[in-house]
Protein chains: 2
Amino acid sequence: MAKLTIAEENYLKTIFLNVDSQQEDCLVNTNTLSQAMNTTAGSVTDMLKKLSEKELIHYIPYKGVNLTEKGKKMAIFTLRKQRLWEYFLVTHLKFSWDKVHEIAEQLEHIDSEELIEKLDEYLNYPEYDPHGDPIPNAKGEFPQRKTILLSDFPVNTYNKAIIAGVLTHNADFLKFLDRIGIHIGLEIQITEKIPFEDSMLIQWKNKEIIINRSITNNILVYKPENP
Amino acid sequence: MAKLTIAEENYLKTIFLNVDSQQEDCLVNTNTLSQAMNTTAGSVTDMLKKLSEKELIHYIPYKGVNLTEKGKKMAIFTLRKQRLWEYFLVTHLKFSWDKVHEIAEQLEHIDSEELIEKLDEYLNYPEYDPHGDPIPNAKGEFPQRKTILLSDFPVNTYNKAIIAGVLTHNADFLKFLDRIGIHIGLEIQITEKIPFEDSMLIQWKNKEIIINRSITNNILVYKPENP
DNA sequence: AAAGATTTTTAATTTAAATTAAAATATTTT
DNA sequence: AAAATATTTTAATTTAAATTAAAAATCTTT
């Protein structure tokens with residue numbers, strides 16, 4: 001695998017995360033990247049030219065970018081590193097899930113495939129990181145799981161769900177979830193949808209709370225195996 | 001603690017390692033540093049000016065450098081990080097001691113005190129790394145132990161020694177030690193000194209070998225508690 | 001103590017990445 | 001479809017670090 005600079009790895013990762021979710025040949029535009037990476041459009045254009053030179057992206061000026069197969073491979077490997085480190089930090093070093101982001105951002109750029117494969121083995125090949133994000137395996141394959149947004153959960157047809165992950169890693173949001181007791185793996189019951197702010201009434205054990213769309217739009221869930 | 005660049009941390013660490021062993025107000029010179037760091041004298045001078053600006057070193061042009069208290073603190077913290085990571089790589093991820101150097105060189109620059117303190121706790125506060133180098137604690141204090149070079153061991157007065165550490169981390173040297181079965185903690189018996197190449201006859205269990213000065217000059221030993 | 005050798009510093013360049021402001025191109029609105 | 005607005009690119013600077021070659025200082029030798 002060719003060696004990339006830290007900035008290059010970060011760009012590829014960000015492009016991957018902004019293109020993946022959407023349709024086939026969708027392009028990410030310059031501004032989206034400059035915002036996601038907290039930099040300016042000018043800096044982004046500069047870097048896009050370099051990445052295009054190296055055949056890591058398909059770049060159409062004024063239109064946007066896409067990853068090449070090579071670029072996608074690198075982006076997925078960076079994600080793999082990031083998520084394995086996050087898993088290690090939370091499960092072994094006892095970091096809280098709202099604090100691991102910055103540290104994993106640094107650790108993910110350590111350049112050693114052997115390190116990552118040994119770390120993966122040591123951690124016993126986890127499939128999901130502490131935020132519920134899938135960890136690609138050494139071949140770059142993601143584990144499959146059908147999840148939906150809590151906000152899209154069909155209350156009428158069914159009403160039990162298990163928390164699978166979160167869409168934002170914003171520290172305040174994560175601390176808020178800690179505070180109310182929501183964590184990955186928790187089984188909740190969705191009792192009612194309330195029009196005001198698209199709120200939902202959810203409950204588990206002896207708890208019953210109302211959360212609005214700013215919460216439900218950021219939580220992924222799946223249906224339990226045995227209803 | 002003020003934040004340093006990777007290059008700055010490396011310079012401080014190298015100065016520390018080249019000044020520490022010798023007398024009180026010894027100075028390291030530019031050329032020593034350029035060789036130790038695989039760079040040119042010109043680059044070193046540039047960096048020395050910056051470090052001096054930041055009051056991390058005492059720099060006397062044409063004479064050499066020394067660390068200030070502040071610089072020493074930073075250098076020791078960098079060593080702490082490097083050695084804790086080496087310990088982790090060998091004891092937990094099962095790396096061999098000849099392979100950890102490059103990776104630890106990268107890991108030591110991850111910027112998070114909390115990470116290091118949690119790692120230290122997780123590792124159960126080890127005092128020596130896999131090469132036998134002392135790991136400073138969170139206060140910057142080194143464990144104390146009286147070791148001597150195997151080549152200086154007084155064969156006549158006493159003849160048992162325990163391997164404490166190695167002075168070079170050269171991979172071929174370490175693999176050689178693996179090959180002949182010498183490892184940290186091994187108790188050996190020093191049977192004889194032989195003038196040719198300052199060789200020594202050493203033995204343990206059913207093994208008996210002769211090693212010359214290029215080996216004995218790079219091995220640290222100490223005397224067993226109960227002779 | 002002067003000549004020659006070695007070491008150090010200075011100064012001019014190079015590279016990767018970021019920033020800013022101006023110019024060019026798209027998109028949206030009327 | 002032209003005008004107004006958004007976005008994107010270009011070009012000129014900035015910063016950290018490294019390199020190279022020339023100039024300056026120091027050390028060694030006689």
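Residue numbers start from 1 in every chain, and the chains themselves are labelled A, B, ... in the order their sequence lines are given, proteins ahead of strands.
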### Task
Pick base, sugar-phosphate or nothing for A:Ala7, based on heavy-atom distances below 4.0 Å to the nucleic acid.
sugar-phosphate
### Task
Return the nucleotide paired to C:dT25: Watson-Crick means purine N1 to pyrimidine N3 with N6-O4 or O6-N4, wobble means G-U with N1-O2 and O6-N3, both under 3.5 Å.
none
#### Entry: Contacts of A:Arg145 that satisfy salt bridge (Lys or Arg N to Asp or Glu O under 4.0 Å) - sequence neighbours left out
none
### Task
Look at all strands and tell whether B:Thr30 reaches a base, only sugar-phosphate, or nothing, counting heavy atoms closer than 4.0 Å.
sugar-phosphate
### Task
Among residues two or more places apart or on two chains, list those pairs meeting salt bridge (Lys or Arg N to Asp or Glu O under 4.0 Å) that have a residue in residues 90-104 of chain B.
A:Glu114-B:Lys99
### Under-4.0 Å salt bridge between B:Lys81 and B:Glu105
no
### Query
Using a cut-off of 4.0 Å on non-hydrogen atoms, how would the nucleic acid contact of A:Thr40 be classed: base, sugar-phosphate, or nothing?
base
### Query
Quick one: on DNA chain C, does A:Pro61 or A:Val44 contact a more 5' nucleotide (nearest heavy atom)?
A:Val44
### Query
Does B:Asn29 have any side-chain contact (heavy atoms from CB on, under 4.5 Å) partners at least two apart in sequence or in another chain, and if so, which?
B:Thr32
#### Entry: chain B footprint on DNA chain C, 5' to 3' - any atom under 4.0 Å from a heavy atom
C:dT7 to C:dT10
### Query
Listed by chain and number, what are the side-chain contact (heavy atoms from CB on, under 4.5 Å) partners of A:Leu123, not counting sequence neighbours?
A:Leu84, A:Tyr87, A:Phe88, A:His92, A:Leu119, A:Pro126
### Query
Going by the salt bridge (Lys or Arg N to Asp or Glu O under 4.0 Å) test, which pairs reach into residues 52-67 of chain A, not counting sequence neighbours?
A:Glu8-A:Lys54
### Query
Under a 90° cut-off about 0 for the syn range, is D:dA6 syn or anti?
syn
